[in-house]
Every structure is written in C-alpha cells, then in structure tokens.
2 protein chains.
Amino acid sequence: MDGEQGTAAVREAFIERMGVIAQADGMPRMSGQIFAMLVFDGEALAFGELARQLEVSRATISTSVRLLEDRGLIRRLNRRGDRQDYFQLADNAYVEMLRHARANTARARDEVAGTLADLPATAGDIRGRLNDFKNFYAEIETSLGDAIARIEKNRT
Amino acid sequence: MDGEQGTAAVREAFIERMGVIAQADGMPRMSGQIFAMLVFDGEALAFGELARQLEVSRATISTSVRLLEDRGLIRRLNRRGDRQDYFQLADNAYVEMLRHARANTARARDEVAGTLADLPATAGDIRGRLNDFKNFYAEIETSLGDAIARIEKNRT
DNA sequence: TAGTTTGTTCAGAAATAACTGAACAAACTT
DNA sequence: AAGTTTGTTCAGTTATTTCTGAACAAACTA
C-alpha cells in the first residue's frame with residue numbers, strides 16, 4: 001500500500017513538509033527546511049551546499065542558520081582545510097525546542113501575572129478568571145518540563 | 001512597587017498584550033484580543049460592542065469570532081428581544097486550546113510517520129533519526145494530554 | 001412597503017514577514 | 001598585490017497575512 005519511493009524523492013518531500021510545519025509553528029519556512037535536511041542527512045552540511053540544494057540566496061541561509069543556532073537547534077562546525085561553515089543538528093535539539101516553547105509560555109504567564117498585580121484587590125471575579133488563565137499557562141509549563149525530562153532520560 | 005491602576009486601564013493593557021501573544025502563537029491578533037476581553041469581563045459581550053470597543057470593522061469581528069468558535073474557545077449566545085449575537089468564553093476553553101495544540105502535533109507526527117513509511121527499509125540510520133523526531137512529537141502529545149487531564153480535574 | 005439592524009462574504013488595501021541582491025569585510029590563494 | 005571565496009548586513013522587493021468597505025441576505029420595524 002505505502003509505495004516505497006527513491007530515498008531522494010522521500011527526502012525532498014520530507015524537507016518540503018517540514019517547511020510548512022515550521023511556518024505553522026511561527027518559524028520561517030527556510031529554517032524548518034534546513035532543520036529537516038539536517039535531521040534527514042545526519043552528517044554536517046556545508047553553508048554553500050544548503051544554499052545550492054534549497055535554491056535560496058546565501059543571505060537567506062545566513063539568517064536562517066543564525067536563528068537555528070540562537071535557539072540551540074544546530075551547531076556550526078569548521079573543518080580544517082575548508083573555509084566553509086558546516087552545520088549539524090545539535091545533539092539536544094529537541095530538548096532545546098521544548099525549552100524555547102516553555103520560555104515563551106512563561107512569558108505569557110508573566111503577562112497575566114503582571115495584569116493581576118496591577119489589578120485592584122477588589123475586583124475578585126476578574127482576578128479569579130485571570131488566575132485560571134495563569135494556571136493554564138502554568139500547566140503547560142509543567143507538561144513541557146515533563147516532556148523535557150523524558151527526552152533527556154532517553155538520550156542518556 | 002507594582003502601581004495599582006484603574007481597572008479600565010489594566011483591562012486595556014491586558015487586551016493589548018494578549019493580542020501580541022496570540023500573534024506569536026500563530027493566531028490573528030484580533031482573535032486574541034477578543035478572547036482576552038471575554039476572559040477579563042466574564043459576562044457575554046455583544047457583537048457590536050466588540051467592534052466598537054476594539055475599533056475594528058464588523059467584518060473583522062465576524063471572521064475572528066468564527067475562528068474562536070470553530071476552535072471551541074467561545075460560545076455564541078442569543079438574548080430574547082435582542083437580535084445581536086453575544087459571545088462568552090467557553091467553559092472548557094483552555095482544554096480546547098490544548099486539544100487543538102495536540103491535534104497539530106499529531107499532524108506533524110503523521111508527516112514524519114509517512115516519511116518513515118515511504119523510506120526503503122535499508123537506510124537504517126535515517127530511520128533512526130526520523131524515529132527520534134517522531135518520538136519528540138509523541139512526547140509533546142503525551143504531555144499535552146497530561147495537562148488536559150489536570151485542567152479537567154480542577155474544573156470538576 | 002420602505003427602511004433599519006445584523007452578520008457574512010469577498011475583492012482589494014494595508015500591514016507584516018520572508019527573501020533577494022548588492023555592498024562589504026575577513027580570510028584566504030595565486 | 002589582485003583576485004577569490006566566504007559569511008553578514010541591510011535596503012528594498014516579493015509574498016503572505018490581516019483587516020476593511022461594499023454588497024448582500026435575513027430578520028426585523030415603522
């Protein structure tokens with residue numbers, strides 16, 4: 001049923017799909033495609049190779065890999081006798097992804113907490129609803145923490 | 001330190017901030033602002049009132065509330081003797097938010113699973129890495145499920 | 001019946017985000 | 001020294017998303 005295709009074609013499709021998913025997650029498509037390529041290939045890929053294979057400008061690669069580096073999702077390598085930069089999936093990439101998501105959630109919770117702090121102690125019903133909202137974010141943070149712990153355990 | 005302000009000003013700030021957070025979460029700003037307003041006020045708000053207070057067109061309200069309704073985050077009400085539609089926070093709004101996030105994650109996992117299915121049984125190293133990736137999504141799904149369970153428990 | 005209020009839809013405008021090309025600096029090669 | 005390769009930055013274009021205004025239908029009111 002599930003027609004087995006050439007590996008190259010599967011790779012192309014995977015990269016394309018991950019670009020779309022990245023976009024849906026509020027990440028630039030190109031960062032998602034680079035990430036997917038590194039997941040699929042495993043080995044380190046050269047800067048120029050990324051631009052060539054993805055058919056985008058080197059400026060785009062530069063910006064995209066910086067984003068991925070800043071989030072701790074990929075590592076930049078140098079090889080002796082080769083001036084190009086190489087990139088590889090960070091070994092804790094998935095954990096870093098979740099940490100980033102958790103940090104975002106914490107920021108949202110802080111906003112709600114700030115609102116609560118600014119609110120007169122009277123308005124008790126409003127405070128109650130904002131507390132529910134804050135608690136919602138807190139639960140997400142807890143859950144992401146659990147997922148992080150489980151993934152780190154598997155990696156050891 | 002945390003200067004207590006007028007409730008109206010705190011409300012404005014909260015709505016504004018939640019619009020920004022919604023955007024960061026891949027939701028239109030207006031949907032976020034409407035959601036925030038309903039959280040803050042608790043009571044049902046009229047369609048026209050939303051447009052007036054947020055200073056946007058009724059077309060925008062129409063589109064935004066439909067998105068929120070489709071996700072199960074708000075409820076549309078009617079009041080006898082009033083032709084307007086009213087909107088209220090759904091009582092399981094936070095759970096629905098998490099369910100939506102979990103469904104998105106499952107979709108991503110399916111993409112990876114599909115890639116695995118299309119891949120020749122040989123390429124074992126690639127399969128290993130894709131499995132890690134799939135597992136990453138699976139862990140998120142588990143965690144979101146846990147968060148859902150905890151919030152549902154609290155509500156009972 | 002003619003007019004009003006209400007919510008929806010859709011083509012298009014406005015705002016935002018992503019990508020490119022060119023200019024540049026650093027590190028090399030010949 | 002002159003030329004090449006490499007990665008970065010930024011102004012500007014392209015693409016995408018979000019919002020609006022106008023047209024419309026349904027349900028009411030005078």
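Every chain is numbered from 1 and lettered A, B, ... according to where its sequence line falls, protein lines coming before strand lines. Here the structure is a predicted model, which means the values were calculated and not measured. In what follows, every heavy atom counts, from backbone to side chain, and hydrogens, waters and symmetry copies are set aside.
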Give the rounded distance in Å between these two atoms: CE of Met27(A) and C1' of dA17(C).
15 Å

In whole Å, I'd like the distance from the CZ atom of Arg76(A) to the C1' atom of dT8(D).
10 Å

Toward the 5' end of DNA chain D, which comes first, Gly26(B) or Phe87(A), by nearest nucleotide?
Phe87(A)

Does a donor on one side chain sit under 3.5 Å from an acceptor on the other, for Arg17(B) and Gln33(B)?
no

Do Arg150(B) and Thr142(A) have a side chain donor and acceptor closer than 3.5 Å?
no

Output the rounded distance in Å from CZ (Arg52(A)) to C1' (dG7(D)).
18 Å

Nearest-neighbour nucleotide for the Ala59(B) side chain, dC10(C), dT20(C), dT6(C) considered:
dC10(C)

Between Thr60(B) and Thr63(B), does any side-chain donor sit less than 3.5 Å from a side-chain acceptor?
no

Hey, does the side chain of Thr60(A) come within less than 4.0 Å of dC19(C)'s phosphate (OP1/OP2), counting only N and O?
no

For the side chain of Pro28(B), starting at C-beta, report the closest nucleotide among dT8(D), dC19(D), dG7(C).
dC19(D)

OP1 or OP2 of dC28(C) under 4.0 Å from side-chain N/O of Arg80(A):
no

Does dT17(D) have OP1 or OP2 sitting under 4.0 Å from an N or O in the side chain of Arg29(B)?
no

Find the distance Arg58(A):CZ to dG21(C):P and express it as a whole number of Å.
12 Å

Round to a whole Å and report the spacing from CG of Leu45(B) to P of dG7(C).
13 Å

Ion pair present between Glu96(A) and Arg71(A), side-chain N to carboxylate O less than 4.0 angstrom?
no

For Ser57(A) and dG21(C), is the shortest distance between a side-chain N/O and OP1 or OP2 below 4.0 Å?
no

How close or far is atom P of dC28(D) from atom CD of Gln84(B), stated in whole angstroms?
14 Å

Which nucleotide wins on minimum distance to the side chain of Arg83(A), given the candidates dT4(D), dT4(C), dG7(C)?
dT4(D)

